[in-house]
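Just so it is clear, the structure is predicted and the values come from calculations on it, not from any experiment. The first residue in the sequence is number 1, and the count goes up from there.
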Amino acid sequence: MQSLFKIFEQSFWQVLGKVVTTFSTFVILGIVARNYGKEGIGVFTLALTYLGIFYLLSDFGFNAHVLKNLKSQSSNLKTEWQQLLGTRILWSVVLVILAVGLLPFWPFATFVFSQAVFFGSLAIIGSGIFTTCNLIFQSKLRYDLSVLAVSVGTLLSLLVFIAVSFYKYPVPILLFVHLLGWVLIAFFALLLARKLSPNIFPVFDLNYMVTLLKDTWPIAATLALNVVYFRADSFMIA
């Protein structure tokens, strides 16, 4: 009975988090459509879709692999998490460089779109840090902390987004606000993760990185194929 209640509780927090983010996305898209027209919302959504690919790739299956090790008691949460955080920060930096570096090769990459991606690309690092914090929340069954970080960061950035849209700043600035949202989410996630694991500083271990990449590439390949399958139509239409 206790296990069933725990499952229900964690599922409730995840659903609540989805409600908050969906509500925020709905409001943002409505504001952009009202203030920036078809061209503006087209560039905005395409930039988010493009960056969304790299958000998914920043996962790379690391969490699933490390969580399995933790459950088998073959690793220590504190040490493993710090090494994972260091690995994901470096991997996210690589993805930022890749996201920006590939822009000249895409036929749909207009000047405004490229600017928007450039401003929003650092959000990949924020997304990666938040995903890493989720490992601690998941291992401790504290999805409420994950939802709290997302909710506070999302709602604060929504207020900034409304203010920026009111003055009709260019679309790339909207992506800068999007970056601000991920910075806030990552910050609050680290703050809350510290309650469960006091030492939140990353450890950059090259051997660990190589081993982790070798162990998780099949999951990463599956994620990459899913990304291509579900996102390719957006770029074909563009």
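The number of heavy-atom neighbours closer than 6.0 Å to CZ of Phe176, taken from other residues, nucleotides and ligands shown, is 12 or below.
Note that the CZ atom of Phe201 and the CG atom of Leu190 stand 10.0 Å from one another [nearest 0.5 Å]. With rounding to the nearest 0.5 angstrom, the CZ atom of Phe187 is 11.0 Å from the CG atom of Leu156.
In this structure, the side chains of Phe54 and Leu98 come closer than 4.5 Å at one or more pairs of heavy atoms. Side-chain contact between Tyr167 and Ile173 is absent, with no heavy atoms from C-beta onward closer than 4.5 Å. Residues Ile162 and Phe166 have side chains not in contact (no heavy-atom distance under 4.5 Å, counting atoms from C-beta outward). Here the side chains of Val117 and Leu51 are in contact, with some heavy-atom distance below 4.5 Å.
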Quick one: side chains of residues 103-112, donor-acceptor pairs under 3.5 Å with protein atoms, not counting sequence neighbours, listed by atom name and distance.
residue : atom : partner : partner atom : Å
Trp106  : NE1  : Tyr50   : OH           : 3.2
Trp106  : NE1  : Leu102  : O            : 3.3
Thr110  : OG1  : Phe113  : N            : 3.2

Pairs of donor and acceptor atoms involving the side chains of residues 204-214, under 3.5 Å and at least two apart or interchain, shall be tabulated with distances.
residue : atom : partner : partner atom : Å
Asp205  : OD1  : Asn207  : N            : 3.1
Asp205  : OD1  : Tyr208  : N            : 3.3
Asp205  : OD2  : Gln83   : NE2          : 3.3
Tyr208  : OH   : Glu80   : OE2          : 3.0
Thr211  : OG1  : Asn207  : O            : 2.9

Do any side-chain atoms of residues 28-37 form donor-acceptor pairs under 3.5 angstrom with protein atoms, and if so which ones, sequence neighbours left out?
residue : atom : partner : partner atom : Å
Asn35   : ND2  : Ile31   : O            : 2.8
Tyr36   : OH   : Tyr169  : N            : 3.3
Tyr36   : OH   : Tyr169  : O            : 2.6

Donor-acceptor contacts, no H, no angles, side chain residues 120-136, under 3.5 Å, sequence neighbours left out:
residue : atom : partner : partner atom : Å
Ser121  : OG   : Phe118  : O            : 3.0
Thr131  : OG1  : Ser127  : O            : 2.8
Thr132  : OG1  : Arg88   : NH1          : 3.1
Thr132  : OG1  : Gly128  : O            : 2.8
Asn134  : OD1  : Ser146  : OG           : 2.7

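Scanning all heavy atoms of the two residues, the minimum distance from Ile41 to Thr45 falls at O-OG1, 2.8 Å. The two residues Gly181 and Ser157 make their nearest non-hydrogen contact at CA-CB, 3.4 Å. Contact between Phe119 and Pro172 at its shortest, heavy atoms only, is CD1-CB, 3.4 Å. Closest approach of Leu174 to Ser165, counting heavy atoms only: CD2-OG, 3.9 Å.
Using modelled atom types, one side-chain atom of Ser58 and one backbone atom of Tyr55 make a donor-acceptor pair closer than 3.5 Å.
Here Val203 sits alone; no ILVMFWY side chain lies under 4.5 Å from its own, so it joins no hydrophobic cluster.
Judged as a side-chain contact (heavy atoms from CB on, under 4.5 Å), and not counting sequence neighbours, the contacts of Leu145 are Phe137, Arg142, Leu192, Leu196. By the side-chain contact (heavy atoms from CB on, under 4.5 Å) test, Val94 pairs with Trp91, sequence neighbours left out. Legend: residues meeting side-chain contact (heavy atoms from CB on, under 4.5 Å) with Thr154, ordered by chain and number and at least two apart, are Thr21, Ser24, Val150, Ile185.
For residues 121-138, the set of pairs meeting the salt bridge (charged side-chain N to carboxylate O under 4.0 Å, His left out) definition, not counting sequence neighbours, is empty. Legend: salt bridge (charged side-chain N to carboxylate O under 4.0 Å, His left out) pairs involving residues 176-186, not counting sequence neighbours: none detected.
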